[in-house]
Participant: 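What follows is a single structure, and I will ask about it in a moment.
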Amino acid sequence: MSYQTNEDNVYAVGTCITAKEAPAVELKITKYYRRVYYCSIVGNDTAKQKVYFERELVTPTEVRE
């Protein structure tokens, strides 16, 4: 069995997004692997990454660099 990155993600890596549990916190998707989104908190590089399933995220606003 091969463990490779899925290509079925709805949101692209680099997309700014929020989670339903904390909509005031802006997140940036840094990785997508096996139906899980790994996100960092925008403006807080020292915080641990957050992990979410697609159903836990709110539709993104736009991609920022």
Participant: Taking only residues two or more places apart in sequence, or in another chain, which ones meet Glu21 in a side chain to side chain donor-acceptor pair (under 3.5 Å)?
Facilitator: Tyr52

Participant: Just jot down the side-chain contact (heavy atoms from CB on, under 4.5 Å) partners of Asn44, sequence neighbours excluded, or say none.
Facilitator: Ile41, Thr46, Ala47

Participant: Could you tell me the separation between the CD atom of Gln49 and the OG1 atom of Thr30, rounded to the nearest 0.5 Å?
Facilitator: 3.5 Å

Participant: Could you measure the distance from the CG atom of Leu57 to the OH atom of Tyr37? Nearest 0.5 Å is fine.
Facilitator: 7.0 Å

Participant: Between Cys16 and Glu26, which heavy-atom pair has the shortest distance, and what is it?
Facilitator: CB-OE2, 3.5 Å

Participant: Mind running side-chain contact (heavy atoms from CB on, under 4.5 Å) on Val36 and Phe53 for me, showing each step along the way?
Facilitator: CA-CA 5 Å; Val36 176; Phe53 291 106; 3.8 Å; yes

Participant: Restricting to side-chain contact (heavy atoms from CB on, under 4.5 Å), what partner residues turn up for Ala24, sequence neighbours left out?
Facilitator: none

Participant: Below 4.5 Å, heavy atoms only, C-beta onward: do Tyr38 and Ile29 meet side chain to side chain?
Facilitator: no

Participant: For Glu54, which residues count as a side chain to side chain donor-acceptor pair (under 3.5 Å) partner, sequence neighbours excluded?
Facilitator: none

Participant: Given Thr18, which partner from the list Val25, Val58, Val42, Leu27 fulfils the side chain to side chain contact (heavy atoms under 4.5 Å, CB included) test?
Facilitator: Val58

Participant: Provide the closest heavy-atom pair for Arg55 versus Lys20 in the form atom of the first, atom of the second, distance.
Facilitator: O-NZ, 2.9 Å

Participant: Between Thr15 and Tyr32, is any pair of side-chain heavy atoms under 4.5 Å apart?
Facilitator: no

